[in-house]
Amino acid sequence: MCGIIGITGQSTVTERLVDGLKRLEYRGYDSSGIAVINGTGLKRARAEGKIKALERTLDMTPLDGHIGIAHTRWATHGVPNETNAHPHFYGRVGVVHNGIIENFLELRNSLPGHKFQTETDTEVVAHLIEDSLNRGLSPKDAFEDTLKKLKGAYAFGVIIDGVDDQIFCARAGSPLAIGIGEDEMYLGSDAMALAQLTNKLIYLEEGDWAIISPKDAQIFDREGASVTREETIITGGLAMAEKGNYRHFMLKEIYEQPETVGRTLANYVDEFNLTANLPEGLDFSKFDRIIIIACGTAYYSGVVAKYWFEQLANIAVDVDIASEFRYREPVISENSLFIAVSQSGETADTLAALRYCQSKGVTTAALVNVMTSTMAREADIALPINAGPEIGVASTKAFTSQLTALASIALSAMKSRKNISRDAEIRLANALIKTPRKIKEALELDPQIEQIAFELSKSRSAFYLGRGMQVPIAYEGALKLKEISYIHAEGYAAGELKHGPIALIEDGTPVIVLAPYDNLFEKTISNLQEVASRGARIILITDEIGAKSTGSMASEMIVVPSTDSFVAPIITTIAIQLLAYHTAVHLGTDVDQPRNLAKSVTVE
Ligand code: M6R
């Protein structure tokens with residue numbers, strides 16, 4: 001994770017670097033720092049915590065220059081304090097780094113006599129470059145020589161006192177782009193970081209390294225050969241999102257969902273002809289299996305999609321967590337379609353899984369929100385979800401857009417595999433088209449859910465139960481609650497609880513049961529009875545028909561609008577999002593930037 005940015009130019013850089021860091025804060029907010037070279041050598045300012053803390057430090061001790069690098073950190077090696085904050089210095093060298101240097105201990109031991117100031121894996125890079133300079137290597141050779149010694153993943157920005165207009169940079173396993181300006185050059189972890197500076201980017205390829213100066217970018221490949229990489233013009237969509245009148249980005253993003261799901265649908269469903277558009281490049285008749293790989297919330301969207309693709313299109317689906325899939329040596333047939341699901345399009349494990357499948361000759365698709373991301377660029381087919389920038393670390397609108405896109409693609413797969421009657425297609429397309437309105441109605445439950453959340457916020461743990469397509473929504477409900485309220489929660493298949501976890505149910509344990517009225521409703525309600533009779537406090541999320549059939553078994557009932565069961569997971573999601581949000585607000589946590597997390601997980 002971590003975000004990096006650099007500027008080499010004609011005018012002062014500090015304010016612009018700090019602005020870039022704010023755009024990168026989604027990649028981590030444990031600490032931040034900047035380093036510049038000015039007439040008095042290499043200087044830096046660093047602070048523990050969020051970028052605001054760095055701004056306060058800079059207010060007290062201003063710092064500026066025409067060349068600088070900056071970093072926002074998600075800690076991997078070393079506690080998140082100021083000492084471990086980047087940039088790291090040694091001698092003439094300043095380094096910012098995103099990734100993990102796996103052989104850093106071995107490298108430290110290869111430098112006898114060097115004193116290390118930090119617990120980080122990164123600091124050794126500054127030492128290695130300084131060591132090479134001391135051995136008489138040119139800055140370019142010292143940088144290249146150092147890169148050859150590193151194992152792991154990295155994107156670097158390096159400045160060297162005495163080389164006052166060049167930034168050395170490199171990427172392997174972590175993304176990095178060079179930005180081209182008017183007599184200025186930039187580097188950044190992504191297009192977002194550089195959006196205020198330029199829309200003209202060069203994405204470095206795996207193993208590339210470069211030297212940028214105000215008028216020039218020299219790029220080299222892993223072998224040191226000079227290479228040219230294509231320039232990309234980024235168009236639109238990178239404005240910094242504003243919170244508007246909402247208290248948190250998360251709440252704003254929850255409320256945006258009627259619109260964002262509508263935008264997703266516009267891309268995949270033809271509302272006049274009531275049919276799903278087959279995304280360009282996808283021919284489902286030639287695949288005999290789909291492999292969906294993702295992490296976190298995106299993974300749960302894949303688990304729901306398994307039900308859709310298998311039930312509707314009669315095609316087998318494997319869904320796996322990316323960090324498990326990539327090291328499992330999975331058996332993959334060439335007739336598989338691989339779908340990576342990722343809001344950011346940068347998640348390291350998901351990206352590695354995509355590359356693994358590409359190396360096996362499988363057709364790859366990336367369902368992403370950020371269309372300038374590495375996954376969107378590297379997959380054979382990029383499938384947008386069009387949810388717009390998602391700032392809250394807890395994913396909300398991206399999840400419902402992932403679900404909407406996957407449901408629509410499953411419908412198109414069903415059609416192309418001729419597994420559907422026109423009547424069924426019309427019914428399902430209609431259900432999808434009505435989803436934005438149903439979400440809007442579900443949002444009206446907000447005041448009631450806020451009250452229920454007040455009670456929930458007093459609990460130490462909670463269970464979420466569901467059956468069928470509601471199981472992954474139960475997982476997602478538990479994840480949302482955990483990540484922003486810090487209350488321990490578990491999502492379970494309702495029928496599985498009695499195989500062990502039911503032992504944890506005590507008087508008053510909150511159990512959130514997801515049971516819209518579908519073919520599994522009665523079975524879920526039986527499971528509800530099992531926990532209710534053991535003292536659980538039931539919060540039932542059902543729909544209008546379900547509410548009429550349940551009587552008074554639940555302590556609280558959240559009644560979402562009735563829908564076709566095909567799209568019910570999208571609607572029950574709204575309730576679990578609001579429940580987690582209000583619980584966290586009652587507890588006073590940092591809802592948009594919860595502790596220990598980062599929006600984009602770019603280390604494995
Ligand atoms: O950017 P991605 O969708 O690949 O991110 C995957 C997960 O890191 C992400 O969904 C995470 O679980 C969220 N914090 C959940 O709210």
Next item on the list: Could you walk me through whether Tyr154 and His97 pass the ring pair (Phe, Tyr, Trp, His ring centres under 6.0 Å) test, one step at a time?
Entry: CA-CA 6 Å; Tyr154 54 76; His97 168 218; 7.0 Å; no
Next item on the list: Using a strict cut-off of less than 4.0 Å between a Lys/Arg side-chain nitrogen and an Asp/Glu carboxylate oxygen, indicate whether Glu390 and Lys252 qualify as a salt bridge.
Entry: no
Next item on the list: Check step by step if side chain to side chain donor-acceptor pair (under 3.5 Å) holds for Thr264 and Ser401.
Entry: CA-CA 6 Å; Thr264 310; Ser401 281; 2.8 Å; yes
Item checked: Face-on cation placement of Arg595 at Tyr486 ring, 6.0 Å and 45° thresholds -> yes
Note to self: Among Ile69, Leu54, Val96, exactly one meets side-chain contact (heavy atoms from CB on, under 4.5 Å) together with Ile34. Which residue is that?
What the structure shows: Leu54
Next item on the list: Output yes when a side-chain donor or acceptor of Trp308 lies under 3.5 Å from a complementary backbone atom of Leu411, and no otherwise.
Entry: no
Margin query: So that I can tick it off, tell me whether Lys360 and Glu334 are bridged by a salt bridge, with the cut-off set at under 4.0 angstrom between side-chain N and carboxylate O.
Written below: no
Next item on the list: Determine whether more than 12 heavy atoms belonging to other residues, nucleotides or ligands lie under 6.0 Å from atom NZ of Lys440.
Entry: no
Note to self: Closer than 4.0 angstrom, basic N to acidic O: yes or no for Asp190 and Arg27?
What the structure shows: yes
Item checked: Trace of the salt bridge (Lys or Arg N to Asp or Glu O under 4.0 Å) decision for Glu206 with Arg171 -> CA-CA 6 Å; Glu206 272 302 280; Arg171 79 157 280 192; 2.7 Å; yes
Notebook entry, point to check: Relative to each other, are the rings of Tyr255 and Tyr246 parallel, tilted or perpendicular (30° and 60° limits)?
Noted result: tilted
Margin query: Quick check on side-chain hydrogen bond (donor to acceptor under 3.5 Å, both in side chains): which of Lys480, Gln257, Glu253, Lys397 does Gln577 satisfy it with?
Written below: Gln257
Margin query: Any salt bridge linking Arg427 with Asp564? Criterion: basic side-chain nitrogen under 4.0 Å from a carboxylate oxygen.
Written below: yes
Margin query: Using side chain to side chain donor-acceptor pair (under 3.5 Å), reason through Ser32 and Lys50 one step at a time and then give a plain yes or no.
Written below: CA-CA 7 Å; Ser32 60; Lys50 300 189 174 150; over 6 Å; no
Check: Is any NZ, NE, NH1 or NH2 atom of the basic residue among Arg355 and Glu378 found under 4.0 Å from an Asp or Glu carboxylate oxygen of the other?
Finding: yes
Next item on the list: Tell me, please, whether Tyr203 has Arg377 positioned over its six-membered ring: NZ or CZ under 6.0 Å from the ring centre and within 45 degrees of its axis?
Entry: yes
Next item on the list: Please state whether the rings of His86 and His71 are parallel, tilted or perpendicular, taking 30° and 60° as the class boundaries.
Entry: parallel
Next item on the list: Quickly, which of Phe399, Tyr464, Tyr300, Tyr492 forms a ring-ring contact (aromatic ring centres under 6.0 Å, His included) with Tyr475? Name it, please.
Entry: Tyr300
